[in-house]
Amino acid sequence: MSADGLVVVRRPERTLFILGCVAMACAALFMLIDVGGQWDFVLPFRGRKLATALLVGYAIAVSTVLFQTVTGNRVLTPAILGFDNLYVLIQTCLLFFLGSGTVAGLDPRLLFGVEVLIMVAFSGLLYWGMFGGARRSLHLVLLTGVVLGVLFRSLSSFLQRLIDPNEFIFLQDRFFASFNNPDQELLVVSFLLTLGVSILGFRMLRTFDVLVLGKETAINLGVDYQRTVALTLVLVAILVSVSSALVGPVTFFGLLVSNLAHALVRTYKHALILPAAALVAAVALVAGQVVLEQVFAFDTNPRVIIEFVGGLVFITMLMRKSPR
Amino acid sequence: MIEAKNVTKRYGPTLVVDDVSLRFPVGGITSIIGPNGAGKSTLLSMISRVLPMSSGNVLVDGLDVVTTPGDELARRLAILRQDNHLTSRLTVRELVTFGRYPHSKGRPTVKDQEHVERAIQHMGLEALSARFLDELSGGQRQRAFVAMVLCQDTDYVLLDEPLNGLDLKHAVSMMKQLRTAANTLGKSFVLVLHDLNFASCYSDHLIAMRDGKVAFQGRSEDIMRPDVLRAVYDLEIAIQQINGDWIATHYR
């Protein structure tokens with residue numbers, strides 16, 4: 001191994017280390033700023049918020065990076081498959097058919113389980129059901145996702161027009177969920193699911209690296225392309241459900257995080273790019289939450305900021321054409 | 001041995017490859033020639049399982065390419081297609097190391113590293129090995145991809161227009177390297193070539209395709225004939241024997 005080979009390997013790791021330090025600093029700042037003596041209340045309270053932010057950041061970062069690897073496109077997010085819209089539709093249907101009283105009384109874990117199941121089943125359906133196992137192009141799957149996403153959104157807004165305005169406010173509250181009121185049990189379930197996905201994904205890390213070379217080269221190198229893509233889509237679906245269930249749909253955040261991570265570490269190795277993306281997400285969410293609480297005094301919603309910045313980045317990327 | 005049986009590719013009503021049955025000779029270089037749209041690349045893609053076929057089957061050493069696990073085939077057969085674009089930044093050495101993936105599953109051993117260095121040397125890429133692929137010229141990138149495929153160290157290597165974008169010097173050296181690999185390592189190459197004279201000078205066996213079918217096949221002297229080439233290309237092509245090679249002059 002020559003010296004130049006080592007430099008290529010070492011630099012992303014240094015970036016990762018710095019990112020890790022920044023993330024820890026942000027977390028410490030978030031936990032310790034302006035505590036005012038009530039440690040026994042503040043620490044667990046903020047700890048839950050922090051855990052939610054980290055989990056959500058991780059889920060969004062990993063799902064977006066994997067989705068972009070599988071599709072070979074850096075401007076896509078899992079939202080294109082209509083996952084966000086499906087989440088909104090599920091919530092709307094529940095409320096429409098059961099009423100807010102029943103929904104509020106439901107065990108959040110049960111609700112969550114059902115949501116995850118539906119979303120995974122949906123991604124499976126997109127992949128296998130629609131095409132009957134026949135080999136079709138991934139782009140056709142994406143296009144179907146786009147069309148179905150529009151269908152879901154139309155259905156949701158149709159149902160939302162029919163329901164009682166009070167119920168609608170209850171519903172809207174769910175879509176604008178924030179880090180401020182995490183459900184502890186939901187957090188545990190989400191954590192376990194994310195852990196499961198991570199273990200599965202960890203075993204596929206090197207396969208993801210090969211997918212970067214494109215479909216044909218991956219097949220040539222012996223990757224079971226169909227199976228890998230299908231499995232990755234399921235993992236992505238689970239992660240998206242986790243983040244949606246905890247804080248609601250966040251479209252642009254993943255795009256932001258994934259591209260920042262790629263710009264920072266510039267490698268094809270998922271063993272490096274995935275942690276980088278997760279750390280960038282953690283820094284962005286936790287620092288954002290500190291600013292939100294300390295500067296804006298909870299006056300604004302983090303989603304508004306994320307979508308605004310994310311939208312700007314997206315437009316910039318499109319203007320600059322096909323980013324690497 | 002690679003054997004294609006009744007291989008067909010259909011897009012709607014259009015037949016791109018029409019019921020082709022072929023046995024590719026073991027060892028040496030086999031070149032597929034023919035006009036644009038004859039189905040050469042499509043046939044190569046189907047043989048290498050990159051493209052599903054509409055009907056028929058392909059056996060590699062008796063293994064059906066559709067049902068055999070991908071990683072097992074990847075240790076017997078390698079393919080390089082024409083257009084290779086990447087979304088990530090890779091150095092030449094990183095790309096070539098991917099050629100060892102079927103053997104090491106992403107954890108290259110010392111032996112794998114030796115293979116990588118040898119392939120880099122073979123393709124004359126030593127000076128470029130730490131450069132990023134997007135900083136190379138088309139021909140240099142092409143050589144890097146060929147190095148990756150050679151590094152895979154398979155008995156059968158299929159290359160779709162390997163001379164694409166190469167200057168004369170590198171085209172000649174590429175063909176010589178393939179020739180050496182075929183002679184000394186006993187590998188079998190199947191190439192799609194557009195340059196008739198390269199095909200004629202370096203191939204042991206030529207396959208001429210037209211309209212999705214195999215029109216002719218045989219040794220250079222059987223194929224490099226005005227009447228045969230007229231039937232394949234619809235073009236008057238004069239043939240001359242120069243220093244023992246059959247050379248086509250089709251420029252005027």
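Not measured: the values here are computed from a predicted model. Labels below follow one simple rule: chain letters A, B, ... track the order of the sequence lines, proteins then strands, and each chain is numbered from 1.
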In Å, rounded to the nearest 0.5 Å, how long is the span from [atom1] of [X] to [atom2] of [Y]?
X	Y	atom1	atom2	answer
A:Asn220	B:Leu77	CG	CG	7.5 Å
B:Glu94	A:Lys269	CD	NZ	5.0 Å
A:Asp224	B:Asp71	CG	CG	8.5 Å
B:Leu95	A:Tyr268	CG	OH	9.5 Å
B:Ser48	A:Glu216	OG	CD	8.5 Å

Closest non-hydrogen atom pair, [X] against [Y]:
X	Y	value
B:Val50	A:Ile219	O-CD1, 4.2 Å
B:Phe98	A:Asp209	CZ-O, 3.6 Å
B:Tyr101	A:Arg206	CE1-O, 3.9 Å
B:Ala74	A:Leu221	CB-C, 3.5 Å

Query raised in the report: Would you say B:His115 has more than 12 foreign heavy atoms packed within less than 6.0 Å of its NE2?
Result: yes

Query raised in the report: Is the count of non-hydrogen atoms from other residues, nucleotides or ligands lying under 6.0 Å from B:Arg75 atom CZ greater than 12?
Result: yes

**Report entry** Which atoms of A:Thr267 approach chain B - backbone, side chain, both or neither, heavy atom under 4.5 Å
**Finding:** backbone

Report summary line: Those residues at least two apart in sequence (or on a different chain) that pass ring pair (Phe, Tyr, Trp, His ring centres under 6.0 Å) with B:Phe189 are none

Query raised in the report: Between B:Met148 and A:Thr217, is a side-chain contact (heavy atoms from CB on, under 4.5 Å) present by the stated rule, with each step listed?
Result: CA-CA 10 Å; B:Met148 178 191 82; A:Thr217 313; 3.5 Å; yes

**Report entry** Interchain contact, B:Ile79 with chain A, by part (heavy-atom threshold 4.5 Å)
**Finding:** both

Report task. Check each atom of B:Leu80 against the heavy atoms of chain A and say whether the ones under 4.5 Å are side chain, backbone, both or neither. Result -> neither

Query raised in the report: Looking at residues at least two apart in the chain, or sitting in another chain, which of them share a side-chain contact (heavy atoms from CB on, under 4.5 Å) with B:Thr109?
Result: B:Lys111, B:Asp112

